[in-house]
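Okay, structure first, notes after.
Residue numbers start from 1 in every chain, and the chains themselves are labelled A, B, ... in the order their sequence lines are given, proteins ahead of strands. Just so it is clear, the values below take in all heavy atoms, side chains as well, and ignore hydrogens, waters and symmetry mates.
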Amino acid sequence: MEGGFAGNTVQPNSFDKSKVLDVKPLRSLHPVFPGETNGPPFASAPPNGSFPSGFSPFFPFGGPQGSPSTPVLNHNPFNSTAVPIRSFRAELPGSNGENVRSSNKRKLAGSSSVKKKVKRGNESELELAALTNFKPGISAAEKDDGNRELVENVLMRFDALRRKLSQMEDAKEPHSEVFKRANLKSGNIMFTKGVRTNGKKRIGVVPGVEIGDTFFFRMELILVGVHSQSMAGIDFMPMKGSDIVGERVAVSIVSSGGYEDDAEDPDVLVYTGQGGNASADKEASDQKLVRGNLALERSLHRGNEVRVIRGFKDVTNQSSKVYVYDGVFKVQESWIEKGKSGCNTFKYKLVRMPGQTGAFATWKSIQKWRADPSSRDGLILPDLTSGAESTPVSLVNEVDDEKGPSYFTYISTVKYPKSFKLVQASVGCNCSDACKPGNSNCSCNQTNGGDFPYIANSILVCRKPMIYECGSSCPCFRNCKNRVSQTGFKVRFEVFKTIDRGWGLRSWDPIRAGTFLCEYAGEVIEKVKEGQDGEERENNNYVFHTNRIYESFKWNHETESAGEGSSNTSEDFDIPSPLLISSKNSGNVARFMNHSCSPNVFWQPITYEQNNEAFVHIVFFAKKHIPPLTELTYDYGTPPHTDEKESNGDHGKKKCLCGSPNCRGYYY
DNA sequence: GATAGCTCAGCCAC
DNA sequence: CGTGGCTGAGCTAT
């Protein structure tokens, strides 16, 4: 929203720059502007790759919008259209009584080859089978060769399935044997169904995979064809037309800290060969010139390009890893070196091919900023929330000499006027410390239709008409997993000056799909003034409307059994009355999020009870994995047509600069 | 074509 | 909390 304002309409002197955010102690901090901008590209919002067939506008509030009367949140939470996982159970022909264990590698009935832990009459098995019931929607040609849209489609569908499986796993008894590893299982289902792309191995660039693309599981690398080994670090393929029989060259490597690699210089990587590791039943040994090591040696002589994927510890979740595609390199030299164990290891020096902006360099500088935030180039303020949030938000300008956005008061949540009486029978749960996903006695679980809305890391599982978090009458603790949006954001944001769209929002952390980002804070207002003068128009740029028309999109996991018209997969929101939130005078980081026609963020209504009142909050989640320093954007929607006669028709139409291939050309 | 072997995962327990 | 152990997946090679 800041973009429309600062990008096009503002006169530079129309606000008092001395009142930069009213943060007194830091106003004197003299910003340092670098001579040139060589940061990563802004707003590289990729094309909208989700579910090509699923797009159609929808009208959330049936007819013409009434005057925004006092919203009364009185609908029965138990009327939620969502259904529990169990309702996804599918009838599997002959699956009863066939569950005699013959081998651990026995295949599941039907076309699926999902392996299983066998237990008699296992319900989980049937649930799992139901989840494999979806249309691959990927042709044989697309399985071999991909493009950006396919890559994004495959990744989003994988993660939707993984979240669903994780949710099921969370709901099981603690020591249940099933679904221990949702990522592997969902990967397996995707492979079995043929939902993958770039399955044909190749040397060099993979169509649809861009430098900086971020992954959270090795399975994802295989699914989009960037590195097709589930564990091994070196991937290779036969060299066609080679004189040497069975010659293989390396096509990609993953460097993620398992060996003694040297990765100080972002353009050079000294990679350690594979093998020779000590294990439970094996001593450390000399590495052999076979397999991956041999392939890298051949690549040195052939001079072919080798893709490099860098792995890091995920800062937001130390126990897991995050992978970044860093571009194509060439093997420049190789040698043998004694490792720490005293055994011989192969070393390969890889050097980045020219003409590529590396992603690794960006990641390294962010690590530096995290240790010392003042080392950030162009830093204006280290925390524009002045401590209002538990995670600081940097204010940065590397583009020009503007010292900050115009004045506003930072508030961390939405404010409803006193006249709004939102009544809801408060049904608190009885959970003692934290609500448990599988607990069907927890009324908060019931309110959410039986499905716990979140999995680990506060990842949202599915979009829903409404999500109910625990409230103040619930005795569970503040760290209950069903209190995600109300406990403040955890992402390390920065508000930054874009090149042509005013101020924008992005993150230092890599963000997984489904991550809670922030809510839309501001003041709930009764109506928008449709005026002609600049001030009113500018005010309107800061209003969030639930009564706009938003492009529908599919984010949840699909099954064939839950077809069209089935309410249990509805991703359309359901808010009792139109809601208008103005962040002009008061707001949080959300007011800086710009519009994109191919956004990487979506919003979701959430409610919870506080002091016997419940209000709707508009809460933002990541639509897909988002690399660090990529601008965060959502779809501003378009005003309903029924509004046309109320003003002169253009509703403050603005030229859209989102740059996506699907750009509508303008936004509101 | 089945299957054992290989391996810079990813968990959870300790 | 780091570390170890353990079960794994797809791909490769036999």
Side-chain angles (χ1 to χ4, degrees), chain A residues 103-107 113-117 158 162 165-166 169-170 172 174-192 194 196 198-201 215-238 245-263 269-282 284-285 287-288 290-296 306-314 317-324 326 339-341 345-348 350 455-457 512:
Chain A
S103 141
N104 262 344
K105 305 227 168 181
R106 193 169 165 277
K107 311 262 176 184
S113 72
V114 177
K115 292 166 199 159
K116 57 177 185 163
K117 292 271 176 185
F158 166 79
R162 187 192 65 82
L165 286 175
S166 292
E169 184 191 332
D170 287 352
K172 300 272 179 257
H175 294 294
S176 168
E177 292 270 308
V178 248
F179 305 147
K180 274 258 165 79
R181 305 174 63 171
N183 62 321
L184 298 187
K185 191 69 73 186
S186 26
N188 178 272
I189 292 170
M190 298 287 278
F191 291 124
T192 307
R196 64 184 299 174
N198 294 316
K200 193 181 76 187
K201 280 202 188 185
F215 306 87
F216 293 87
F217 296 97
R218 290 288 294 263
M219 281 291 163
E220 294 177 323
L221 300 177
I222 310 174
L223 282 166
V224 300
V226 70
H227 182 86
S228 40
Q229 300 285 342
S230 57
M231 293 181 78
I234 306 168
D235 194 18
F236 48 93
M237 65 178 279
V245 180
E247 181 180 14
R248 287 159 179 83
V249 292
V251 293
S252 55
I253 57 171
V254 177
S255 169
S256 58
Y259 289 78
E260 300 157 32
D261 297 345
D262 183 350
L269 169 65
V270 177
Y271 190 78
T272 309
Q274 63 190 186
N277 285 322
S279 66
D281 44 329
K282 240 182 3 190
S285 59
Q287 293 186 342
K288 297 190 185 69
V290 294
R291 296 171 152 270
N293 300 345
L294 182 57
L296 275 170
V306 177
R307 294 183 295 273
V308 169
I309 297 101
R310 315 261 195 170
F312 302 78
K313 268 190 177 169
D314 186 354
N317 182 19
Q318 287 292 328
S319 69
S320 67
K321 269 184 187 155
V322 47
Y323 301 93
V324 185
D326 196 33
K340 275 183 187 159
S341 67
T345 56
F346 290 97
K347 293 283 179 180
Y348 301 92
L350 292 104
I455 53 172
N457 301 350
R512 303 158 87 114

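Residue S255(A) is classed as a base contact, given a heavy-atom separation below 4.0 Å to a base. Heavy atoms of G233(A) sit under 4.0 angstrom from primed sugar atoms or phosphate atoms, though from no base atom. Contact annotation for G311(A): no contact, since no heavy-atom pair falls under 4.0 Å across all strands. Contact annotation for R248(A): backbone-only contact, meaning every heavy-atom pair under 4.0 Å involves sugar-phosphate atoms and none involves a base. Counting non-hydrogen atoms under 4.0 angstrom, T272(A) reaches a base of the nucleic acid. Residue contacts for K201(A): at a heavy-atom cut-off of 4.0 Å it reaches the sugar-phosphate backbone alone, with no base atom in range. At the heavy-atom level, D261(A) lies under 4.0 Å from base atoms of the strands shown. When heavy atoms are screened at a 4.0 angstrom cut-off, G275(A) is found touching the sugar-phosphate backbone but no base atom. Heavy atoms of Y271(A) sit under 4.0 angstrom from at least one base atom.
Taking both residues in full, the closest heavy atoms of I309(A) and Y323(A) are given as CG2-CB, 3.8 Å, listed atom of the first, atom of the second, then distance. For the residue pair G187(A) and F158(A), the shortest heavy atom distance occurs at N-CE1, 3.5 Å. For the pair R162(A) and A182(A), the tightest heavy-atom approach, listed with the atom from each and the gap, is O-CB, 3.8 Å.
Put simply, Y323(A) has no side-chain N or O that comes within less than 4.0 Å of OP1 or OP2 on dC8(B). Under 4.0 angstrom from either OP1 or OP2 of dC8(B) there lies no side-chain N or O belonging to Y348(A). A close approach under 4.0 Å does occur between a side-chain nitrogen or oxygen of S256(A) and OP1 or OP2 of dA9(B). Between R196(A) and dC11(C) there is a side-chain N or O to OP1 or OP2 distance below 4.0 Å. N277(A) has a side-chain polar atom (N or O) that falls below the 4.0 Å cut-off from OP1 or OP2 of dC8(B). Within the 4.0 Å cut-off from OP1 or OP2 of dA9(B), at least one side-chain nitrogen or oxygen of K321(A) is found. Regarding contacts with the backbone of dA9(B), a side-chain N or O of R218(A) is found under 4.0 angstrom from either OP1 or OP2.
Comment: D262(A) does not engage K347(A) in a salt bridge, judged by the lack of any side-chain N to carboxylate O separation of less than 4.0 angstrom. Ion pairing between R307(A) and D326(A) fails under the 4.0 Å rule for side-chain N and carboxylate O.
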Task: Per-nucleotide pairing state of DNA chain B [Watson-Crick or G-U, under 3.5 Å; [ ] pseudoknot-crossing; | other strand] - done: .||||||.||||||
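For the pair Y259(A)/Q287(A), a side-chain contact is recorded, criterion being any heavy-atom separation below 4.5 Å from C-beta on. For the pair R196(A)/V224(A), no side-chain contact is recorded, criterion being any heavy-atom separation below 4.5 Å from C-beta on.
Rounded to a whole Å, the CD1 atom of I455(A) is 15 Å from the P atom of dG10(B). Rounded to an integer number of Å, the gap from N188(A) CG to dC11(C) C1' is 14 Å. Between the P atom of dG10(C) and the CZ atom of R181(A) lies a distance of 12 Å, rounded to the nearest Å. Straight-line distance from the CD1 atom of I253(A) to the C1' atom of dC6(B): 18 Å, rounded to whole Å. Per the geometry, CG belonging to D170(A) stands 13 Å off C1' belonging to dC12(B), to the nearest Å. Atom CD in E169(A) sits roughly 12 Å away from atom P in dG8(C) (whole-Å rounding). Taking atom CZ of R162(A) as the reference point, atom P of dG10(B) lies 11 Å away to the nearest angstrom. We find that CG of D262(A) is positioned 18 Å from P of dC8(B), with the value rounded to whole Å.
Residues passing the side-chain contact (heavy atoms from CB on, under 4.5 Å) test with L184(A) are R181(A), M219(A), sequence neighbours excluded.
Where D235(A) and S230(A) meet DNA chain C, the nucleotide closest to each residue was compared, and S230(A) sits on the side nearer the 5' end. Along DNA chain C, the nucleotide nearest to L184(A) and the one nearest to Q318(A) differ in position, and the one closer to the 5' end is contacted by Q318(A). Heavy-atom distances to DNA chain B give each of M231(A) and M219(A) a nearest nucleotide, and the one nearer the 5′ end belongs to M231(A).
Side-chain atoms of N293(A) and Y348(A) include no donor-acceptor pair closer than 3.5 Å.
With hydrogens and angles left out, the side chain of R291(A) and the base of dT7(B) share no donor-acceptor pair within 3.5 Å.
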